[in-house]
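Data block below; observations after.
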Amino acid sequence: MRILTAEFIRSCAGPEQFLNGDLPEVAFIGRSNVGKSTLINSLLQRKGLAKVSRTPGKTRLVNFFQVTTDDPGLARFVAVDLPGYGYAKAPKALQAQWEPLIGQYLDGSEQLRAVVVLAECRVLSELDQQAIAWLLAGGRSPIVVATKVDKLKMGERVRALRHLREGLGLAEGGDFIPYSSVTGEGRDRLWAAVKERM
Ligand code: GDP
């Protein structure tokens with residue numbers, strides 16, 4: 001699939017600024033530093049679109065991007081970059097301010113078709129378990145992406161990915177996609193999973 005255009009629409013600090021349009025939305029969530037900005041840029045084939053953070057935990061806003069592709073099954077949609085959660089060093093007051101934004105967006109959006117949860121391939125996190133359980137309880141079956149799989153050695157790959165998938169409470173054969181923004185692995189599978197939810 002080729003991306004024809006990918007444009008930043010706006011950043012939102014509160015729900016009153018969320019989009020109210022009619023395009024389907026695809027949201028991306030994950031812990032700070034999981035590789036979310038890099039994945040969005042690699043998916044959308046635009047280098048600087050989502051800002052790769054020099055300081056983890058920097059993204060506190062909900063960022064909307066409008067995308068058009070050459071694939072009729074996913075011709076126009078909005079990619080939604082949600083704030084990274086769980087940055088331990090962030091001041092509590094700031095965390096309290098931006099983490100509810102994620103919930104407000106996920107609960108409130110009527111156009112939301114797919115939620116992509118990113119989890120780092122070697123890190124099993126309680127926050128990710130909670131995020132996935134919360135989505136499932138709300139009737140939203142997430143697409144879970146294991147990021148940075150280029151860091152796994154061949155010999156540890158199968159075991160590491162099974163450990164993560166099982167730890168996140170996901171059944172075999174579900175939408176659990178090993179991904180690397182470095183090698184491009186997983187890009188086609190992720191697009192296919194997103195398309196299925198349109
Ligand atoms: P975010 O905070 O979730 O948006 O994470 P970033 O996209 O800013 O990435 C955090 C760090 O992980 C950066 O140093 C990236 O270069 C690195 N990174 C992101 N994706 C990958 C990947 O697929 N493979 C490797 N090896 N590193 C990655």
Side-chain angles (χ1 to χ4, degrees), residues 3 6 8-13 25-65 67 78-91 94-95 97-103 105-106 114-132 134-135 142-161 163-165 168 175-194:
I3 305 296
F8 174 72
I9 307 174
R10 64 170 176 261
S11 289
C12 306
E25 295 176 9
V26 180
F28 298 84
I29 62 171
R31 293 168 70 223
S32 295
N33 217 36
V34 68
K36 180 161 54 67
S37 313
T38 309
L39 176 137
I40 291 172
N41 289 335
S42 94
L43 264 186
L44 300 182
Q45 296 169 329
R46 297 291 185 280
K47 274 198 178 121
L49 193 65
K51 295 278 176 286
V52 174
S53 43
R54 293 224 179 91
T55 324
K58 260 281 173 98
T59 321
R60 280 152 216 166
L61 302 168
V62 180
N63 297 310
F64 291 91
F65 305 94
V67 186
V78 172
V80 186
D81 181 13
L82 292 165
Y85 49 79
Y87 180 53
K89 286 190 197 145
L94 269 183
Q95 278 196 38
Q97 186 188 323
W98 82 72
E99 289 186 355
L101 254 188
I102 301 172
Y105 170 76
L106 293 173
V115 183
V116 181
V117 178
L118 283 67
E120 201 162 329
C121 62
R122 281 201 283 222
V123 183
L124 179 57
S125 143
E126 212 174 297
L127 282 171
D128 295 335
Q129 291 169 326
Q130 286 166 4
I132 289 167
W134 183 80
L135 285 164
I143 300 166
V144 180
V145 167
T147 64
K148 309 186 191 181
V149 290
D150 55 280
K151 289 186 172 183
L152 294 175
K153 296 191 192 78
M154 264 324 194
E156 64 175 331
R157 182 183 157 112
V158 170
R159 194 145 45 96
L161 290 175
H163 176 72
L164 180 65
R165 180 176 58 72
L168 293 174
D175 281 325
F176 177 76
I177 303 175
Y179 196 96
S180 166
S181 296
V182 174
T183 66
E185 176 181 350
R187 189 171 180 275
D188 293 346
R189 265 191 79 189
L190 180 49
W191 277 133
V194 168

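Here the structure is a predicted model, which is why all the values come from computation and not from measurement. We count ligands from 1, going down the list as the structure has it; atoms in each ligand are counted the same way.
- At a heavy-atom cutoff of 4.0 Å, ligand 1 is contacted by the side chain of Asp150 but not by its backbone.
- Between Gln129 and Leu124 there is a side-chain heavy-atom pair separated by less than 4.5 Å.
- Between the choices Lys151, Glu185, Lys148, the shortest heavy-atom distance to atom 17 (C) of ligand 1 belongs to Lys148.
- Counting only heavy atoms from C-beta outward, the side chains of Lys148 and Arg122 never approach each other to under 4.5 Å.
- Two residues are said to be in side-chain contact when any heavy atoms from C-beta on lie closer than 4.5 Å; Thr147 and Cys121 fail this criterion.
- In this structure, Gln45 and Arg187 have side chains that are in contact, with non-hydrogen atoms separated by less than 4.5 Å.
- Between the side chains of Tyr85 and Gln130, no donor N or O sits under 3.5 Å from an acceptor N or O.
- Within the structure, the closest approach of Val182 to ligand 1 falls below 4.0 Å when heavy atoms are considered.
- Less than 4.0 angstrom separates some heavy atom of Ser180 from each of these atoms of ligand 1: 23 (O).
- Between Ser32 and ligand 1, a contact under 3.5 Å exists for no N or O pair.
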